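Worksheet: the structure to be examined is printed underneath.
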There are 2 protein chains.
Amino acid sequence: MRVLIIHGVVKMPLDDRKKRILFAVVTDYIMTAEPIGSRTIAKKYNMGISSATIRNEMADLEEMGYLEQPHTSAGRIPSDKGYRFYVDTILQNFMKEDLSPPPRVREEVIAEFDEIVKKYAKILADITHHATVAKMPKLNPDKIKRLQLIPVASNKMIMVVITDTGIVKNYLLNLCQSVDRNVFEFLNNLLNDKIAGKSEKAIFNFLEKELKDTLGDMAFMADELIKTILLSLKQLQETDVYTDGTLHILDFPEYKDLNKAKNFLSLLDNKSLLNEVLEPVDDFVDVKIGRENRFEEMRELSVIKTTYKINDRVVGTIGIIGPTRMDYRRLISELTLMTRELSNLLSSIYNDEI
Amino acid sequence: MRVLIIHGVVKMPLDDRKKRILFAVVTDYIMTAEPIGSRTIAKKYNMGISSATIRNEMADLEEMGYLEQPHTSAGRIPSDKGYRFYVDTILQNFMKEDLSPPPRVREEVIAEFDEIVKKYAKILADITHHATVAKMPKLNPDKIKRLQLIPVASNKMIMVVITDTGIVKNYLLNLCQSVDRNVFEFLNNLLNDKIAGKSEKAIFNFLEKELKDTLGDMAFMADELIKTILLSLKQLQETDVYTDGTLHILDFPEYKDLNKAKNFLSLLDNKSLLNEVLEPVDDFVDVKIGRENRFEEMRELSVIKTTYKINDRVVGTIGIIGPTRMDYRRLISELTLMTRELSNLLSSIYNDEI
DNA sequence: TATTAGCACTCTCATTCATTGAGTGCTAAT
DNA sequence: ATTAGCACTCAATGAATGAGAGTGCTAATA
């Protein structure tokens, strides 16, 4: 445990009574969104001490940075540091608890990877009444499992790219000449030989040097093929961010101010920022409170996030985002449960055979 | 022209002076969002008549239903009927104008159909500062162009469904037994023979009666195939609605009230309602003002929409949605221009050869 | 020494009230 | 038919006010 030494006096950061008062402030503020005063604490959370004593303790807590006062004659509210203390305590308790999930009945699914993740993000938003964010996997080129060209007209074909997590992307190719149908098998074999499962470097090498020669009298389609394959590589490495339940934030009293609401909603529209926010963590669950977030725009927001996996391999992140005043205990619990289920489901579908 | 007969007196609905006053009110209100009074009109739009005369005319216009008064001592604002008159006049003028579009440089595109439409909806939202809505095509089963099964593991395969507009859907199939790779050609030929381009009835017939027999010793995969094909048929007939620029509405003074804003945003989240709202029209451009919309929730909203096409075949709808106070003239113009471009682009990519 | 009661003080919030200003309808004059 | 003039209406604004909740400090108490 960290110890503060001030003026030569060894001082434990928080004695038990301070801790209880801090918790009372945090939990009450989470519920009511109103600053809470010494008298209220004394009455509501019967502590067995008078409001005056609590007043003194609160002054201490404020000095230590755990509490803040919106203005002189208001009650106190938790600071980021206060929430942090609260969350750390909660997380410790979570760790101790038995985390084996009540396994739910698995539903029948035929859906794309993204659809499944989106569905879970939606459910999570529904049950938590918060905005949720999900990040879809980013893939390495060597995760390409198969490439398939499908003819759709004499001078058009569709290229389907399949990755090891079953993600499918497709691209329409317009060719300047017609292609005979029976060359497709040759092309498909060629592409799968040279690209599927190969490293980015090997793929580039093949595209630059070998492809044109190998194609022989079909060299006219080389450019279109190269362009499309490069595009697909680029797109596979783009991560997709999905949000749901964004309108829930309008129910929070902190966003009765339209401008604040607008800023938050804009932020939730900013996919590239969310993408960074959702960088995977290897912790059990990661909580960033207020200014702990790297972005200035998020100084009044908290993010609870965790990763979802396929057979213990991290493939994406899912999170909850809201004002710093949030019910961390409940949300952490809901998030971890949903994520565990999602991971189970994905693992059972996209098992390592694919 | 329609004529009102009241108490035996033949009365033209709007003489020229009334028309000019009505237009002044509409255009001013569109800009300022403030009720406008007789004196302001007299000064700002120098009509050559006094405010008192305008006052009398406005009283008439109100009686006729073209104007409304928010409260006794406020100015007037246009009613739905007033906007309707304004819009009809505008549309007449639009019809007369030369509508040949200034053809822009066509950019290089490799993207899916949906992506292109979304991109145009986004641009439209950006330039109009309004929420835009786009409806993607709904497809008939007989528009399936190709079905392709792609093996990805011994007991897994992906089914790719391609329609005549290049829409690609894909489904992962989990089989209970392994399938030898060289049966795929047989399966692909079978499916394309029996399903691609066929009517819904013929497809059902094939799935129910022929499939199992034809498969022979691969009958074990029949159920999975049937399930997947039926799902894809269902999904192809689902229309997709996409929205963009929804946050622009928070800039309108009518949505400074958080509850109104929330209702509007929720409505824009309601895909199935938007889907109905965007039912295609065969008009040049369709404007629904306030209560002209079939939905009670939209009584204070207007929708401007039109269809986009591939070679004169309607494939989807794109629209602008906002408060009844909107700049109809400008928005109609922007919408029609963008839509014409979109149609051109789509026609050039998905020409009838596909 | 730690706690508590008591009190003066601060600050927000809701309410009230008067004022202002834009707009109207009506009437009488042009 | 048009306009000037006037009394009237109503929403919006801002100042004044009081209530209420909370604090910090001091002195009394266990």
Side-chain angles (χ1 to χ4, degrees), chain A residues 9 11-12 14-22 24-25 28-29 31-79 82 253-254 256-257, chain B residues 9 11-12 14-22 24-26 28-29 31-64 66-79 82 253-254 256-257:
Chain A
V9 182
K11 220 174 162 188
M12 295 303 274
L14 282 186
D15 64 31
D16 192 61
R17 197 168 66 184
K18 283 199 175 52
K19 216 183 274 187
R20 274 170 50 223
I21 291 173
L22 176 56
V25 174
D28 203 83
Y29 186 64
M31 298 308 295
T32 64
E34 296 291 337
I36 175 169
S38 51
R39 219 168 139 249
T40 319
I41 293 187
K43 265 190 299 184
K44 208 160 155 187
Y45 296 83
N46 48 318
M47 295 259 165
I49 49 180
S50 78
S51 67
T53 313
I54 294 175
R55 214 144 48 231
N56 290 329
E57 294 284 45
M58 285 170 94
D60 289 354
L61 283 167
E62 181 170 4
E63 205 182 339
M64 294 184 206
Y66 291 100
L67 294 180
E68 293 174 348
Q69 227 175 346
H71 56 262
T72 325
S73 75
R76 303 300 206 298
I77 62 174
S79 67
E254 21 276 275
K256 66 183 192 310
D257 174 3
Chain B
V9 181
K11 221 177 162 185
M12 295 302 272
L14 282 185
D15 64 30
D16 193 61
R17 195 168 67 182
K18 282 197 175 54
K19 216 184 273 188
R20 274 170 48 224
I21 292 174
L22 176 56
V25 174
V26 174
D28 203 83
Y29 186 64
M31 299 306 295
T32 64
E34 296 290 337
I36 177 170
S38 52
R39 222 172 135 240
T40 319
I41 292 187
K43 265 191 298 184
K44 207 160 157 187
Y45 297 82
N46 46 318
M47 296 257 164
I49 49 181
S50 79
S51 67
T53 313
I54 294 175
R55 216 145 45 230
N56 290 330
E57 294 285 42
M58 283 170 96
D60 289 354
L61 282 166
E62 182 171 2
E63 205 182 339
M64 296 184 203
Y66 291 100
L67 294 179
E68 294 174 349
Q69 226 174 349
H71 55 262
T72 325
S73 74
R76 303 299 206 298
I77 62 174
S79 66
E254 22 274 278
K256 67 183 191 310
D257 175 4

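Every heavy atom of this structure was used, including side-chain atoms; hydrogens, water molecules and symmetry mates were not. As the structure is a computational prediction, the values presented were derived from the model and not from experiment. Order of the sequence lines sets the chain letters (A, B, ...), proteins ahead of strands, with each chain counted from 1.
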Walk me through it: do A:Met47 and A:Thr53 pass the test side chain to side chain contact (heavy atoms under 4.5 Å, CB included)? CA-CA 10 Å; A:Met47 295 259 165; A:Thr53 313; over 6 Å; no
Rounded interatomic separation in angstrom, taking CZ from A:Arg39 and P from C:dA5: 12 Å
Side-chain N or O of A:Thr72 closer than 4.0 Å to phosphate OP1/OP2 of D:dG24: no
Worked check of side chain to side chain contact (heavy atoms under 4.5 Å, CB included) between B:Val25 and B:Tyr66: CA-CA 10 Å; B:Val25 174; B:Tyr66 291 100; over 6 Å; no
Between B:Lys43 (NZ) and C:dG23 (C1'), how many Å, whole number? 12 Å
For a side chain to side chain contact (heavy atoms under 4.5 Å, CB included) check, start with the C-alpha distance between A:Lys44 and A:Ile36, then their side-chain angles and the critical distance, and finish with the verdict. CA-CA 11 Å; A:Lys44 208 160 155 187; A:Ile36 175 169; 5.8 Å; no
Closest-nucleotide ordering on DNA chain D, the 5'-leading residue of B:Gly48 and A:Gly75: B:Gly48
Taking A:Asp15 first and then A:Lys18, would you say they form a salt bridge - that is, a charged N and a carboxylate O separated by under 4.0 Å? yes
At less than 4.0 Å, is any side-chain N or O atom of B:Arg76 found next to OP1 or OP2 of C:dT24? Yes or no. yes
Among D:dA11, D:dT3, C:dT4, which nucleotide sits nearest the side chain of B:Ile49? D:dT3
Just the rounded figure in Å: distance from C1' of C:dG25 to CD1 of B:Ile54. 16 Å
Nearest nucleotide by nearest heavy atom, which residue falls closer to the 5' end of DNA chain D, B:Glu57 or A:Gln69? B:Glu57
Would you say B:Thr40 places a side-chain N or O within less than 4.0 Å of OP1 or OP2 belonging to C:dG23? yes
Counting only side-chain nitrogens and oxygens, does A:Ser50 get under 4.0 Å of the OP1 or OP2 atom of C:dT3? no
Between A:Ser79 (side chain) and A:Gly65 (backbone), is there a donor-acceptor pair under 3.5 Å? yes
Could you please name the partner base of C:dT30, counting Watson-Crick and G-U wobble pairs only when both distances are under 3.5 Å? D:dA1
Tell which nucleotide pairs with C:dT10, taking only Watson-Crick or G-U wobble pairs whose two distances are both under 3.5 angstrom. D:dA21
Taken to the nearest whole Å, CZ/B:Arg55 to C1'/D:dC6 is 11 Å
Audit row: A:Met58, A:Ile41, side chain to side chain contact (heavy atoms under 4.5 Å, CB included) steps and yes/no: CA-CA 11 Å; A:Met58 285 170 94; A:Ile41 293 187; 4.2 Å; yes
Picking from C:dT3, D:dT9, C:dT24, the nucleotide nearest the side-chain atoms of B:Ser73 would be D:dT9
Interatomic distance where CG belongs to B:Asp15 and P belongs to D:dA1 [whole Å]: 12 Å
Starting at CG of A:Leu61 and ending at P of D:dG24, how long is that distance when rounded to a whole Å? 12 Å
Any base atoms under 4.0 Å from A:Ala52, or only sugar-phosphate, or nothing? Heavy atoms, all strands. base
N or O in side chain of A:Ser38 less than 4.0 angstrom from D:dT23 OP1/OP2: yes
Identified pairing partner of C:dG21, criterion: Watson-Crick or G-U wobble below 3.5 Å: D:dC10
Quick one: B:Asn56 CG to D:dA4 P, roughly how many Å, whole number? 13 Å
Atom CE of B:Met58 to atom C1' of C:dT24: distance rounded to whole Å? 10 Å
